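One structure is given here, and the rest of the page talks about it.
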Amino acid sequence: QARAAALVVALKVARSVGLLNTLEATLMVGGEAFALPEALLHAAVMHTEDAVRLDALELCCVCPRKAQLPGPLEVAVLKLALPVCMRMTHVGSRNKLRSLVAKFLTRVNIGASRLQRDRFMQDKHGGERTGRVYEALQDTTEDLSAAEASLKLCEDFVHWLLRLLLAS
């Protein structure tokens, strides 16, 4: 459990200095790429200390790029952690959990709005086959399909969250 807590601290520092935008990114340390150890992140959200759990959740809920939709790892970690965290006894911890979930849902909302705007711009300029707009659209087509998959994942998460809240 100490390794999981240390991972959370290291990831928070990496994110605060701009080395890590999303949990799906690989970490570059000394020129070598490392994938994030998912098992340790799962252990962090199941940690016995509320502070470690909430710090791990914060990594999943808050992103420096507010319009970036969450990835599969972030959603999976939230699904694992929320049922456990909803039963925290300390009022301050529950309030922080509520705040983090609100930030996550705001992030999803902003990302969905941005995706809708990008789709509109692609449809608006889709017939144009020359110039800078077309070149930019070529670059964003793959980004749009990945964002749409992420949006579907978020939609499934919101339905799951609603069922969880109604069941508890």
Side-chain angles (χ1 to χ4, degrees), residues 1-112 114-115 142-143 145-168:
Q1 287 201 358
R3 289 178 50 192
L7 173 72
V8 170
V9 170
L11 290 175
K12 282 186 75 169
V13 169
R15 184 168 272 177
S16 70
V17 296
L19 296 175
L20 182 69
N21 284 332
T22 178
L23 294 181
E24 275 78 20
T26 54
L27 302 172
M28 296 298 289
V29 179
E32 295 185 44
F34 293 95
L36 183 69
E38 291 181 37
L40 281 178
L41 191 57
H42 290 175
V45 295
M46 302 302 284
H47 201 275
T48 55
E49 293 183 32
D50 289 350
V52 174
R53 274 188 267 161
L54 290 172
D55 285 345
L57 272 176
E58 186 175 359
L59 287 170
C60 298
C61 293
V62 180
C63 183
R65 296 176 55 199
K66 298 209 184 315
Q68 182 176 5
L69 287 166
L73 177 60
E74 292 163 318
V75 172
V77 169
L78 276 171
K79 281 185 173 182
L80 178 68
L82 282 178
V84 174
C85 290
M86 285 176 59
R87 291 169 180 78
M88 288 188 287
T89 56
H90 190 260
V91 174
S93 297
R94 285 195 312 259
N95 287 338
K96 174 129 185 187
L97 174 66
R98 185 175 35 90
S99 171
L100 289 174
V101 171
K103 287 178 182 180
F104 179 81
L105 294 174
T106 301
R107 178 178 162 201
V108 169
N109 186 18
I110 292 170
R114 179 174 177 231
L115 178 61
E142 291 177 12
D143 293 339
S145 61
E148 287 172 359
S150 185
L151 184 61
K152 174 66 176 141
L153 186 68
C154 291
E155 181 182 349
D156 293 342
F157 171 78
V158 170
H159 288 288
W160 174 87
L161 180 61
L162 179 63
R163 288 190 305 272
L164 176 69
L165 293 174
L166 290 175
S168 61

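Only a predicted model underlies this, so the values are computations on that prediction, with no experimental measurement involved. Worth knowing before you read on, the calculation uses all heavy atoms, side chains too, and leaves out hydrogens, waters and symmetry mates.
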Practice task
Carefully, step by step, assess Leu69 and Arg114 under the rule side chain to side chain contact (heavy atoms under 4.5 Å, CB included).
Solution key: CA-CA 10 Å; Leu69 287 166; Arg114 179 174 177 231; over 6 Å; no
Practice task
Please name the residue in the list Val75, Leu73, Leu80 that meets the side chain to side chain contact (heavy atoms under 4.5 Å, CB included) test with Val77.
Solution key: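 It is Leu73, the one option of Val75, Leu73, Leu80 that forms the side chain to side chain contact (heavy atoms under 4.5 Å, CB included) with Val77.
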Review item, side-chain donor-acceptor pairs of residues 4-18, under 3.5 Å, at least two apart:
from: Lys12; atom 1: NZ; to: Asp55; atom 2: OD1; distance (Å): 3.3
from: Arg15; atom 1: NH1; to: Leu59; atom 2: O; distance (Å): 2.7
from: Arg15; atom 1: NH1; to: Val62; atom 2: O; distance (Å): 2.5
from: Arg15; atom 1: NH2; to: Asn21; atom 2: O; distance (Å): 3.0
from: Ser16; atom 1: OG; to: Lys12; atom 2: O; distance (Å): 3.4
from: Ser16; atom 1: OG; to: Val13; atom 2: O; distance (Å): 2.8

Heavy atoms only: give me the nearest [X]-[Y] pair and the separation to one decimal.
X: Arg53; Y: Thr48; value: NH2-O, 3.4 Å
X: Leu153; Y: Pro72; value: CD2-CA, 3.3 Å
X: Cys63; Y: Gln68; value: SG-OE1, 3.3 Å

Distance (rounded to the nearest 0.5 Å) between [X] [atom1] and [Y] [atom2]:
X: Ser93; Y: Met86; atom1: OG; atom2: CE; value: 14.5 Å
X: Asp156; Y: Leu151; atom1: CG; atom2: CG; value: 10.0 Å
X: Ile110; Y: Arg65; atom1: CD1; atom2: CZ; value: 13.0 Å

Hey, are the side chains of [X] and [Y] touching, using non-hydrogen atoms and a 4.5 Å cut-off?
X: Cys60; Y: Phe104; answer: no
X: Val45; Y: Val84; answer: no
X: Asn109; Y: Leu105; answer: no
X: Leu97; Y: Leu82; answer: yes

Pairwise salt bridge (Lys or Arg N to Asp or Glu O under 4.0 Å) hits with a residue in [range], at least two apart:
range: residues 158-168; value: none
range: residues 90-100; value: Glu58-Lys96
range: residues 66-93; value: Glu74-Arg107

Problem - Set of side chain to side chain contact (heavy atoms under 4.5 Å, CB included) partners for Ser99, sequence neighbours left out - result: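 Ser99 satisfies side chain to side chain contact (heavy atoms under 4.5 Å, CB included) with Lys103 once adjacent residues are dropped.
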Per-pair distances, 0.1 Å, donor-acceptor, side chain in residues 33-44, under 3.5 Å, sequence neighbours excluded:
none

